[in-house]
Amino acid sequence: MNSLPLSQASPYLVALNMVHKAVVIVGGGVVASRKIGALLASGARVTVISPMVTEAIRTQAAQSNLQWIAATYEPGLLAAYQPVLVIAATDDSAINQQVRDEARQLGAWVNDVSAPDEADFANMAVIDRAPLQIGISSGGASPALLRWLKQQLTHIVDVPLGQLASWMQALRGVTANSVTEQAERQRLYDEILASDVLSLLRDDQPEAARQRFEQIVQAHLPRERS
Ligand SMILES: C[C@@]1(CC(=O)O)c2cc3[nH]c(cc4nc(cc5[nH]c(cc(n2)[C@H]1CCC(=O)O)[C@@](C)(CC(=O)O)[C@@H]5CCC(=O)O)C(CC(=O)O)=C4CCC(=O)O)c(CCC(=O)O)c3CC(=O)O
Ligand SMILES: NC(=O)C1=CN([C@@H]2O[C@H](COP(=O)(O)OP(=O)(O)OC[C@H]3O[C@@H](n4cnc5c(N)ncnc54)[C@H](O)[C@@H]3O)[C@@H](O)[C@H]2O)C=CC1
């Protein structure tokens, strides 16, 4: 069954847990290379099927969770990998279409880099400040605009913000047991975010930022009984 073209719909954005999930990319050129870093970082098991690959893919195949099968795609090749996602990234749109057809038969979601409207998903522009990730989508409208916008947002979504995100993440482990009321937890988080913790991090004063953070947290924890 054919789905509605991507350009006529509003994609539903999700953050997929890809740990140990199989992804197959057919074609190993420049476009395929651009997608691989983020896939490996997600914990996916990536297989590239392509007679030739870029230097970057060759290096990654030697060092990481990436397998390179030096072969030309033939229908039937995908099944053995049981992929959840497939990227058809050759420079031949007829081959990409064969890949798409087989992926769908296997129940996998497929991205055809040469035919956005036929794809089940598109790749987003991502600013990675793990654990914080900012993904931007234009539904295929304009990759150039995405790249430009990403550049603008890079200054706002900066490295200190990622640092703060990891502190907030660790804090949730503490508050889950000690600050029992949701409203009180919310006040704590809001107070941290309204404070100068982030600006201290941005001013390269991590010690002062940490102290301020701890001070706010302590003020919200129940007092120890003596
Ligand atoms: C539909 C989609 C499918 C997909 O690949 O998932 C798609 C399709 C196409 N891209 C084309 C061109 C380029 N794309 C880029 C870059 C990116 N493209 C990405 C995503 C997507 N590109 C998906 C839509 C996402 C959305 O809109 O939400 C990014 C976000 C992520 C990524 O690639 O992983 C990453 C940029 C962000 C970053 O820097 O992170 C550059 C290089 C550059 O700009 O530096 C160029 C060359 C310059 C140019 O031509 O603009 C062409 C024309 C091919 C031709 O005509 O030859 C097509 C096909 C078509 O539109 O028909
Ligand atoms: N989605 C996007 O971001 C963009 C998509 N495109 C589209 O992506 C296509 C690919 O672009 P590039 O990566 O720059 O091309 P490229 O020429 O660098 O790479 C093509 C790769 O496909 C492999 N290949 C060719 N036939 C194959 C087969 N039968 N089986 C397996 N592998 C095969 C080649 O060995 C090569 O590794 C373009 O033709 C264009 O349609 C282009 C620019 C951006």
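None of the values given here were measured: they were computed from a predicted structure. Whatever order the structure lists ligands and atoms in, that order sets their numbers, starting from 1.
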- Query: Which atoms form the tightest heavy-atom contact between N96 and A88, and what is the distance?
  - Reply: OD1-C, 3.5 Å
- Which ligand 2 atoms are under 4.0 Å away from a heavy-atom of I49? 31 (C), 32 (N)
- Evaluate salt bridge (charged side-chain N to carboxylate O under 4.0 Å, His left out) for R210 paired with E214, printing each intermediate quantity in order. CA-CA 6 Å; R210 188 72 218 178; E214 292 297 343; 2.5 Å; yes
- Note on the structure: In terms of heavy-atom contacts, M18 and V84 come closest through CE-CG2, 4.0 Å
- Quick note on ligand 2: atoms under 4.0 Å from a heavy atom of V30 include exactly 13 (O), 14 (O), 18 (O)
- Establish, from distance only, whether the side-chain atoms of D120 and N111 form a donor-acceptor pair under 3.5 Å. no
- Item | Protein contact for atom 59 (C) of ligand 1 (heavy atom, distance under 4.0 Å) | yes
- Message: I want to know if ligand 1 touches G140 in the polar sense, i.e. an N/O pair below 3.5 angstrom.
- Response: yes
- Task: Heavy-atom distances under 4.0 Å are what count here, so tell me which part of A119 touches ligand 1: side chain, backbone, both or neither.
- Result: neither
- Query: Only one of L77, L78, I69 clears side chain to side chain contact (heavy atoms under 4.5 Å, CB included) with V26; which?
  - Reply: L78
- Task: Determine if the distance from atom 25 (C) of ligand 1 to the closest protein heavy atom is below 4.0 Å.
- Result: yes
- For ligand 2, is there an atom lying under 4.0 Å from some heavy atom of K35? yes
- M124 N/O under 3.5 Å from ligand 1 N/O: no
- Return yes when atom CD of Q152 has more than 12 non-hydrogen atoms of other residues, nucleotides or ligands closer than 6.0 Å, and no otherwise. yes
- Message: Could you tell me, atom by atom, which parts of ligand 2 come under 4.0 Å of a heavy atom of I95?
- Response: 29 (N)
- Do you know which two heavy atoms are closest between V48 and G28, and how far apart they sit? CG1-CA, 4.1 Å
- Just heavy atoms, cut-off under 4.0 Å: does Q98 contact ligand 2 by side chain, backbone, both, or neither? neither
- Just jot down the ligand 1 atoms closer than 4.0 angstrom to any heavy atom of G139, in number order. 26 (C), 27 (O), 28 (O)
- Do D112 and S114 have side-chain N/O donor and acceptor atoms under 3.5 Å apart? yes
- Element-labelled atoms of ligand 2 that are located less than 4.0 Å from some non-hydrogen atom of P51: 31 (C), 32 (N), 33 (C), 35 (O)
- Query: What atoms of ligand 2 come closer than 4.0 angstrom to any heavy atom of R34?
  - Reply: 2 (C), 3 (O), 44 (C)
- Message: Need the ligand 2 atom indices (1-based, order shown) with element for anything under 4.0 Å from a heavy-atom of G27.
- Response: 22 (O), 23 (C), 32 (N)
- Item | Under-4.0 Å protein heavy-atom contact, atom 52 (C) of ligand 1 | no
- Applying side chain to side chain donor-acceptor pair (under 3.5 Å), which residue pairs with at least one partner in residues 29-48 are found, sequence neighbours left out? S33-T54, T47-Q67
- For Y81 and A22, the nearest pair of non-hydrogen atoms, with its separation, is O-CB, 3.4 Å
- Query: Heavy-atom distance from atom 30 (C) of ligand 1 to the protein below 4.0 Å?
  - Reply: yes
- Task: Determine whether more than 12 heavy atoms belonging to other residues, nucleotides or ligands lie under 6.0 Å from atom CD of Q82.
- Result: no
- Cation over ring, R104 on W109, under 6.0 Å and within 45°? no
- May I ask you to list the atoms of ligand 2 that are less than 4.0 angstrom from any heavy atom of T72? 28 (C), 29 (N), 30 (N)
- Quick one: which ligand 1 atoms are inside 4.0 Å of a heavy atom on A141? 27 (O)
- Any atoms of ligand 1 less than 4.0 Å from a non-hydrogen atom of P116? List them with their elements. 1 (C), 59 (C), 60 (C), 61 (O), 62 (O)
- Query: If you take all heavy atoms of R129 and V157, which pair is closest and at what distance?
  - Reply: NE-O, 2.7 Å
- Message: Please report whether ligand 1 has a polar contact with K150, defined as an N or O pair separated by less than 3.5 Å (distance criterion only).
- Response: yes
- Item | Residue, atom name and distance, where the atom is the protein heavy atom closest to atom 10 (N) of ligand 1 | P143 CG, 3.5 Å
- Message: Any protein heavy atom at under 4.0 Å, with atom 40 (C) of ligand 2 as the reference point?
- Response: no
- Give a yes or no on whether atom 2 (C) of ligand 1 lies under 4.0 Å from any heavy atom of the protein. no
- Item | Exercise check, heavy-atom protein proximity under 4.0 Å to atom 55 (C) of ligand 1 | no
- Item | Ligand-side contact atoms (ligand 1) for residue partner A125, heavy atom cut-off under 4.0 Å | 30 (C), 37 (C), 40 (O)
- So, for atom 5 (O) of ligand 1, does the protein have a heavy atom nearer than 4.0 Å? yes
- Query: Is the shortest N/O to N/O distance between R34 and ligand 1 below 3.5 Å?
  - Reply: yes
- Protein heavy-atom partner closest to atom 44 (C) of ligand 2 - residue, atom, separation in Å: V31 CG2, 3.6 Å
- Query: With a 4.0 Å heavy-atom cut-off (strictly under), which part of L146 contacts ligand 1: side chain, backbone, both or neither?
  - Reply: side chain
- Task: Report yes if the side chains of Y189 and T175 come closer than 4.5 Å at any heavy-atom pair, otherwise no.
- Result: yes
- Task: State the atoms of ligand 1, each with its element, that fall below the 4.0 Å cut-off from a heavy-atom position in S137.
- Result: 28 (O)
- What is the minimum heavy-atom distance between V113 and A89, and which atoms define it? CG2-CA, 3.6 Å
- Any protein heavy atom sitting closer than 4.0 Å to atom 62 (O) of ligand 1? yes
- Item | CG-CD1 distance between N65 and I36, expressed to the nearest 0.5 angstrom | 12.0 Å
- Task: Please identify which atoms of ligand 2 are closer than 4.0 Å to at least one heavy atom of S114.
- Result: 41 (O)
- Task: For ligand 1, indicate whether the residue V31 contacts it via side chain, backbone, both or neither (heavy-atom separation under 4.0 Å).
- Result: neither
